[in-house]
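Structure first, commentary second.
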Amino acid sequence: MEIQELMHDIRKKAIKRMDKKSPAEQSASWSSEDLLYSGIGNAIFIILPTPGCAHALSESGGCTMCSYIADSPLENVSSDELIHIFKNLMERHEIKPKTVVKIFVSGSFLNEDELPKEARDEILKMLNEEKNIEEVVVESRPEFVREEVLKECLELLPDKIFEVSIGLESSSDYIKKYKINKGFLNDDFERAINVIKSLKSDHKITSKAYLFVKPILTSEKEAIEDAVASAKYAEDLGVDRISFCPATIHKGTLMELLWRRGSYQPPWIWSILEIIKRVRSKVKIPVIMDTSGFGTRRGPFNCKKCNKRLKNLIIESNLRQNIPEEFECECKSRWIGDVKFSDVTRSTCNITNK
């Protein structure tokens, strides 16, 4: 398939440009206010250095918008080192009452080729011992969501909610296949969600769907409509939470290549607000909208007059699960025109990687 060959070529070139760093240098952590199932609380975010996403390292080349492989050591990291790094990162943060710990590995937490079972088990044991931690959130591609693996994790976290987040991105198989190069279809996602649902009667396990806003070769109007339809699909399937990820331009991706050629722009922040309004009126489960990169050259944008204010309104709406207050700015008329009159023709340029 042409997109897979293109992605593989782009990925190889991006990896060659990577600066070599130690696993400890590629780890990170931070904390912020967040919405838990029990209400507003504290979140600790942990990034662990693992070999990298299996999909991105395969012949398919990975997803068209993702560069997380660039934050990976591209080699195995021992369980002892991963455990040591995790302990050091956690010690930097106060574990307040009502805390969720979110663990990112630039791939799949449940893939033992990325995160060894020994490290995974020890990390979960440590988290279970902390009484103030209510939730543990991890990410995985659906092919690694298997009943036996989940049961192993749940046995180590009997007192916590264990949430498995999966990057569905879109409910459209066409978009996943030809615009994102996701490497799986709805059937695969549905199987994984059904496995999680089958364990709910005996365990504190939940699911979350990541949905991507505005893939390549997508107009502003199409991006809004797909986001709303995808959220409804996820809720109907039985997903417990939704997290939207509006596009930002990552280095070393096909999305960046198109952006540099003037053939792609991240979504308007007005579009993000429109998605929030529509989804919160249709969907009853918690919905979070990521605001990373808002107002920057590579992220969702409106204009300098309203970027920051709208970003803050969206952050507040994530915590309150409400629809942000109405806000007007002179740039809104341009967004309305873009939604009304734009089409995908300006994004259908030759995407050969020259």
Side-chain angles (χ1 to χ4, degrees), residues 34-39 41 43 53-55 100-105 107-112 114-115 117 120-121 123-124 127-128 133-173 175-176 180 182-212 226-245 279-280 282-290 318 321:
D34 208 335
L35 182 68
L36 283 69
Y37 283 105
S38 62
C53 174
H55 178 51
V100 54
V101 176
K102 302 185 178 184
I103 305 172
F104 303 91
V105 297
S108 296
F109 182 91
L110 301 178
N111 180 5
E112 293 178 11
E114 296 179 46
L115 181 67
K117 183 180 185 302
R120 183 192 75 200
D121 289 355
I123 287 168
L124 295 180
L127 294 174
N128 194 62
I133 294 175
E134 293 185 2
E135 303 174 19
V136 176
V137 179
V138 302
E139 295 181 327
S140 180
R141 286 178 59 84
E143 57 262 39
F144 305 113
V145 179
R146 301 190 299 271
E147 182 177 344
E148 62 272 22
V149 175
L150 292 179
K151 283 184 175 179
E152 290 173 358
C153 295
L154 292 164
E155 287 172 2
L156 299 172
L157 286 173
D159 305 320
K160 317 296 182 189
I161 294 173
F162 184 61
E163 183 167 83
V164 179
S165 308
I166 304 174
L168 170 64
E169 317 304 0
S170 169
S171 60
S172 165
D173 277 346
I175 288 175
K176 282 197 291 293
I180 296 178
K182 193 65 190 180
F184 68 80
L185 302 175
N186 283 351
D187 286 347
D188 305 293
F189 180 78
E190 291 169 12
R191 183 206 59 79
I193 296 301
N194 286 333
V195 169
I196 293 169
K197 288 164 63 177
S198 73
L199 298 171
K200 280 179 173 287
S201 60
D202 298 317
H203 302 280
K204 295 180 179 180
I205 185 169
T206 60
S207 62
K208 179 166 65 188
Y210 286 117
L211 299 177
F212 190 72
D226 178 65
V228 176
S230 297
K232 193 68 178 75
Y233 164 82
E235 183 188 46
D236 290 346
L237 190 59
V239 169
D240 296 287
R241 281 198 284 209
I242 291 169
S243 181
F244 279 105
C245 304
V279 170
R280 293 233 168 99
K282 294 174 180 285
V283 170
K284 305 307 178 186
I285 60 176
V287 175
I288 302 298
M289 183 66 72
D290 183 28
N318 284 337
Q321 289 296 290

Rounded to the nearest 0.5 Å, what's the gap from [atom1] on [X] to [atom2] on [Y]? Could you check?
{"X": "Leu185", "Y": "Leu168", "atom1": "CG", "atom2": "CG", "value": "10.5 Å"}
{"X": "Ser207", "Y": "Ile285", "atom1": "OG", "atom2": "CD1", "value": "7.5 Å"}
{"X": "Leu124", "Y": "Ile103", "atom1": "CG", "atom2": "CD1", "value": "6.5 Å"}
{"X": "Ile166", "Y": "Phe184", "atom1": "CD1", "atom2": "CZ", "value": "7.0 Å"}
{"X": "Glu114", "Y": "Arg141", "atom1": "CD", "atom2": "CZ", "value": "9.5 Å"}
{"X": "Cys153", "Y": "Asn128", "atom1": "SG", "atom2": "CG", "value": "12.0 Å"}

If I compare all heavy atoms of [X] with all of [Y], which pair ends up nearest, and what's the gap?
{"X": "Gln321", "Y": "Ile288", "result": "NE2-CD1, 3.7 Å"}
{"X": "Gly167", "Y": "Lys182", "result": "O-CE, 2.9 Å"}
{"X": "Arg280", "Y": "Val287", "result": "NH2-O, 2.6 Å"}
{"X": "Asn111", "Y": "Ala54", "result": "ND2-CB, 3.9 Å"}
{"X": "Pro142", "Y": "Ala192", "result": "CB-CB, 3.8 Å"}
{"X": "Ala209", "Y": "Ala234", "result": "CB-CB, 4.2 Å"}

Main chain of [Y], side chain of [X]: is a donor-acceptor contact present, judged purely on distance under 3.5 Å?
{"X": "Asn186", "Y": "Ser171", "answer": "yes"}
{"X": "Glu169", "Y": "Lys176", "answer": "no"}
{"X": "Asn318", "Y": "Met289", "answer": "yes"}

Salt bridge or not for Glu155 and Lys151, using N-O below 4.0 Å? no
Just do the side-chain contact (heavy atoms from CB on, under 4.5 Å) check on Phe212 and Ile175 with the steps written out, would you? CA-CA 10 Å; Phe212 190 72; Ile175 288 175; over 6 Å; no
Give the intermediate values and the outcome of side-chain contact (heavy atoms from CB on, under 4.5 Å) for residues Arg120 and Val149. CA-CA 11 Å; Arg120 183 192 75 200; Val149 175; 3.6 Å; yes
Which donor-acceptor pairs under 3.5 Å do side chains of residues 156-165 form with protein atoms, sequence neighbours excluded?
| residue | atom | partner | partner atom | Å |
| --- | --- | --- | --- | --- |
| Lys160 | NZ | Glu130 | O | 2.5 |
| Lys160 | NZ | Ile133 | O | 2.8 |
| Glu163 | OE1 | Arg241 | NE | 3.4 |
| Glu163 | OE1 | Arg241 | NH2 | 3.0 |
| Glu163 | OE2 | Tyr37 | OH | 2.5 |
| Glu163 | OE2 | Thr206 | OG1 | 3.2 |
| Glu163 | OE2 | Arg241 | NE | 2.9 |
| Glu163 | OE2 | Arg241 | NH2 | 3.2 |
| Ser165 | OG | Val138 | O | 3.3 |

Please list, chain by chain and in numerical order, all residues satisfying salt bridge (charged side-chain N to carboxylate O under 4.0 Å, His left out) with Glu190, sequence neighbours excluded. none
Polar side chain donor-acceptor pair, Ser198 to Glu147, under 3.5 angstrom: no
Using 30° and 60° as the class boundaries, would you call the ring planes of Tyr233 and Phe189 parallel, tilted or perpendicular? tilted
Listed once per pair and sorted, the salt bridge (charged side-chain N to carboxylate O under 4.0 Å, His left out) pairs that draw on residues 191-202, sequence neighbours left out: Lys200-Asp240
Evaluation steps, side-chain contact (heavy atoms from CB on, under 4.5 Å), between Ile196 and Val239: CA-CA 9 Å; Ile196 293 169; Val239 169; over 6 Å; no
The test is side-chain contact (heavy atoms from CB on, under 4.5 Å); show your working for Ser230 and Ile242 and say whether it passes. CA-CA 10 Å; Ser230 297; Ile242 291 169; over 6 Å; no
